[in-house]
Amino acid sequence: MPDMSASLALTHLIPLAKEVDRNKVTPGVLGFIVFAVMALAVWGLMKSMNKHMQKVDFKEPEAPEREAKPAEKG
């Protein structure tokens, strides 16, 4: 059975807002909190990635020595 508390709360809150613009959508406080948490998570991941990338010691293998003179065609 669906939770009726949400629909009951909406039916009581809608009459309180006399002028509701149904074309205007705002994220509100919850949207800001979600955005802030996501921003902090990305910042933490980037900081962690930077720390791990500094630990990497990558050296490319040297190319084998080529002969001083290329073989002549003929």
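Being a predicted model, the structure only gives us computed values, none of them experimental.
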message: Met53: which residues meet the side-chain contact (heavy atoms from CB on, under 4.5 Å) condition with it, sequence neighbours left out?
response: Met49
field: Gap between atom CG of Asn50 and atom NZ of Lys55 - 0.5 Å precision
entry: 11.5 Å
field: Closest non-hydrogen atom pair, Thr26 against Lys24
entry: CG2-CE, 4.0 Å
query: To which residues is Leu30 joined in a hydrophobic cluster, defined by side-chain heavy-atom contacts under 4.5 Å among Ile, Leu, Val, Met, Phe, Trp and Tyr, whether direct or through other members?
result: Val34, Met38
